[in-house]
Amino acid sequence: MTARSVGAASDPPGRAVTPSFWSRIWTENGPGYLFLLPWFIGFFGLTIAPILSSLYLSFTNFDMLTPPQWVGMDNYVRMFTNDPKFYQSMRVTLLFVAFSVPLKLAFALAVALLLNRGMKGLPIYRAVFYLPSLLGASVAIAVLWRTLFAGDGLVNQGLALIGIQGPAWISNPRYSLWTLVALAVWQFGSPMIIFLAGLRQIPQDVYEAASLEGAGRWRIFWKITLPLLTPVVFFNAIIQTIEGFKSFTPAFIISGGTGNPVNSTLFYTLYLYQEAFAFFRMGYASALAWVLLIIVAVFTGISFLSSRYWVHYDN
Amino acid sequence: MTISLDRRKFLMGSTALAAAGAMGGLTPAQAADVHLRLYWWGGQARADRTNAVSDLFAKANPGFTYDKEFNAFNDYWPKLGTQVAGGNAPDVFQMDYRYIVEYAKRGAVQALDEYIGKGLDLSDFDEDQIEGGRVDGKLYAISLGANSVAMMVNTKAFEDAGVDLPTRDWSYDDYKAKADAFNSKSNGMRLLADGSQGGDPPLENWLRARGKALYTADGKLAFEADDLIEWFKMWDDLRKANVCVGPDDQALDATAAIDTTMITLGKAATTYANSNQLIGFQAVNKNPLTMINFPRPKAGVGGGHYRKPSQFWSVNPKSAHLDESIKYVSFFINDVPSGLILGVERGIPCAKHVRDALAPTLSAPDQLSLNFVSNLGDLLGKLPPSPPAAAGEVATQLNTTAQSIAFGQTTPEDAGAAFIKEAQDILDRAAKKA
């Protein structure tokens with residue numbers, strides 16, 4: 001109480017009776033904000049401030065040696081009118097997302113359905129199938145992939161056993177992107193876990209009723225399981241699409257940071273990295289980052305708009 | 001007593017604080033204690049040698065302490081750039097021929113001319129190596145060793161195939177003439193790596209021997225589309241005749257790291273490299289290696305090679321210890337015991353008295369390296385001007401272009417013309433920025 005009256009002493013008369021708005025906020029929530037302070041410092045200092053400065057830098061030329069020079073929309077204009085590598089990296093990334101996301105989700109759902117049949121040792125299988133996702137973004141797995149799919153790697157040795165002469169998967173521009181898609185699909189663990197949880201949520205009585213009515217396995221899957229699972233499919237699709245656009249490590253390791261052969265693995269993020277840290281065009285790289293943000297936002301927005309036509313929330 | 005003890009503790013503590021302050025660029029309380037920050041790229045072998053020399057210097061000059069840091073070449077530049085931008089660059093740092101123009105033009109390295117003879121001893125330093133550290137007539141960097149481009153040669157592969165080792169006279173035609181004999185016994189190994197995808201050194205060497213160059217002194221392209229088309233056609237021909245490796249194999253060498261080069265992977269009997277790298281290549285190659293010059297464009301034509309400063313020391317103009325930093329650099333290049341420790345790991349020492357003292361102590365591969373750089377003879381041309389700021393990006397683009405020809409996605413004619421345009425665009429963009 002004493003603290004309040006000290007704060008109120010300088011207030012105009014009439015308002016002195018009730019403590020001021022700010023001092024009320026402080027006494028009620030002050031300690032709470034104090035405890036939140038570390039998070040606030042982190043959020044504003046390490047998240048908001050860098051994001052805003054990257055927005056500013058995207059309108060400048062900045063090579064890290066000299067102060068940034070304001071160039072207005074130049075970076076964005078160049079990107080859309082005079083940068084073949086921008087379009088190439090966009091093409092590569094869209095192809096990657098378009099193939100890796102549906103394949104990964106289909107794979108994850110198939111394995112989740114298998115695991116959901118109440119087999120023995122389920123936790124072990126679940127852990128084993130999840131393992132690749134844990135290692136997913138790691139350098140070690142990308143190096144392993146490189147070795148597996150090299151011209152004389154394990155994959156081609158296996159193909160040779162059945163009489164097929166496999167190509168150099170990694171180092172041929174016709175196949176290199178598909179090895180990255182395969183790597184992404186193999187890391188189906190986290191959507192699988194989420195599918196599994198979703199499958200557990202579907203009430204058993206619906207299935208019982210369906211089988212009493214004589215519905216076959218396929219029919220049950222298409223008419224009951226999948227519709228009731230659509231919220232989970234939707235969630236996984238969005239998360240995986242964003243992940244797909246952000247994918248960086250595998251392409252970086254497998255192509256040695258170059259995006260080669262012939263820019264066939266030049267992911268958007270890899271191009272952004274090259275511009276920033278190989279060619280020191282921080283301004284241009286920041287502009288690329290903001291365009292990526294907008295693209296991801298647009299794709300997510302479209303997914304949400306479309307969701308009302310195919311996602312069933314069964315309340 | 002207890003009070004004075006506390007005071008002493010307090011003094012010790014404040015000295016430590018002052019030293020810590022010096023790291024942040026503040027002036028230290030005591031001039032006798034100099035804390036130098038050193039930064040370079042390279043592996044552990046280089047770090048061990050550099051640390052040993054720094055210890056020798058500290059022994060000769062009491063009061064010197066160091067903050068030493070090293071990094072891989074590709075990681076070195078983003079970090080240095082960030083530190084320069086933040087105004088906390090190291091006192092002494094390694095510089096490369098490729099970046100020196102950029103750093104000098106931005107005032108990020110100290111001009112050293114006024115220190116020559118006053119703290120910086122260059123009395124018997126090779127003139128061409130001093131020249132290599134100059135930008136617009138001013139000396140910004142001190143060469144730590146001379147090297148030259150060179151091809152690594154797997155001697156056993158040639159022996160097994162019954163083909164004579166390449167000599168300094170071999171031209172690309174000679175390699176082509178020997179290819180059939182070599183391939184008949186080589187079990188899929190080829191004579192050459194694909195030099196068109198080896199960055200810009202093979203092209204530069206070939207251009208220079210033909211009287212052209214990569215860049216003019218003012219940083220423009222010094223060759224035309226026709227030169228490049230001829231170069232690409234030659235490699236198309238070498239690929240078709242199985243003289244060099246195919247595109248699938250060459251693409252495995254994405255970063256030109258020693259362990260993914262064609263010679264290390266066993267795909268080719270030779271590989272394009274630098275003379276001071278023989279030690280590094282031998283470390284990961286089981287078969288005994290030797291070194292030979294890049295192939296000549298035509299028999300009897302030379303002048304493609306040059307003695308390049310393999311790397312420099314540069315000094316931060318904002319250093320709180322400018323004089324001491326320059327003293328350190330001068331010691332590094334002139335002190336004989338230090339020279340014996342450094343060996344030829346950074347290239348051939350440039351001070352004659354150090355070189356003379358070092359020569360008799362060298363091992364066989366080091367000797368080979370010294371002799372190669374010293375005896376280039378008619379292969380040697382004059383030092384080209386330091387490349388423009390965007391040279392690294394142009395070289396990257398050159399690789400991608402050559403790769404798309406090798407994979408049959410474009411023709412030498414189309415690619416040659418397209419590349420000139422792209423390279424000019426890259427150079428213009430960099431010039432606009434400066």
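Because the structure is predicted, anything quoted here is derived from the model rather than measured.
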Item to complete: Let me know if B:Lys267 has heavy atoms under 4.5 Å from chain A in its side chain, its backbone, both or neither.
Response: side chain
Compile the donor-acceptor pairs under 3.5 Å between side chains in residues 291-298 of chain A and protein atoms, sequence neighbours left out, one pair per line.
none

Practice prompt. Using a 4.5 Å cut-off on heavy atoms from C-beta on, say whether the side chain of B:Gln83 contacts that of A:Met64.
Written response: no
Item to complete: Quick one: pull up CD in B:Glu393 and CD in A:Gln274 and give me the separation to the nearest 0.5 Å.
Response: 9.0 Å
Worksheet item: What distance separates A:Met282 CE from B:Thr82 OG1, expressed to the nearest 0.5 Å?
Response: 6.5 Å
Worksheet entry | Portion of A:Tyr284 that has a non-hydrogen atom of chain B nearer than 4.5 angstrom | side chain
Worksheet entry | Exercise: identify the closest heavy-atom pair between B:Asp248 and A:Ser171 | O-OG, 2.6 Å
Worksheet item: Is the count of non-hydrogen atoms from other residues, nucleotides or ligands lying under 6.0 Å from A:Tyr76 atom OH greater than 12?
Response: yes
Practice prompt. Look at atom CG of B:Asp218 and say whether more than 12 heavy atoms of other residues, nucleotides or ligands are closer to it than 6.0 Å.
Written response: yes
Discussion item. Can you confirm whether more than 12 heavy atoms, excluding those of B:Lys233, are under 6.0 Å from its NZ atom?
Written reply: no
Worksheet item: Among A:Pro261, A:Pro84, A:Pro167, who wins on heavy-atom pairs under 4.5 Å with chain B?
Response: A:Pro261
Worksheet, complete the sentence: Note: vs chain B, highest number of non-hydrogen pairs under 4.5 angstrom among A:Asn172, A:Asn82, A:Val71, A:Thr258 is A:Asn172
Discussion item. Once rounded to the nearest 0.5 Å, what's the spacing between atom CD1 of A:Ile170 and atom CG of B:Leu252?
Written reply: 9.0 Å
Discussion item. Sub-4.5 Å heavy-atom contacts with chain A: which residues of residues 405-421 of chain B show up?
Written reply: B:Phe407, B:Gln409
Fill in: Contacting moiety of A:Arg78, where chain B heavy atoms sit under 4.5 Å
side chain
Worksheet item: Should we count CZ of A:Phe107 as having more than 12 external heavy atoms under 6.0 Å?
Response: no
Worksheet, complete the sentence: Residues at least two apart in sequence or cross-chain that pass side-chain hydrogen bond (donor to acceptor under 3.5 Å, both in side chains) with B:Thr264, listed by chain then number, are B:Thr261, B:Asn285
Discussion item. Could you measure the distance from the CG atom of A:Asn263 to the CD atom of B:Gln403? Nearest 0.5 Å is fine.
Written reply: 8.5 Å
Worksheet item: Any side-chain heavy-atom pair from B:Trp77 and A:Phe280 closer than 4.5 angstrom?
Response: yes
Item to complete: Report the residues that fulfil salt bridge (Lys or Arg N to Asp or Glu O under 4.0 Å) with B:Asp194, sequence neighbours left out, ordered by chain and then residue number.
Response: B:Arg239
Worksheet item: Say you draw a straight line from OG1 of B:Thr396 to CZ of A:Phe279; how long is it, rounded to the nearest 0.5 Å?
Response: 4.5 Å
Worksheet item: Taking everything shown except B:Asp136 itself, do over 12 heavy atoms lie less than 6.0 Å from its CG?
Response: no
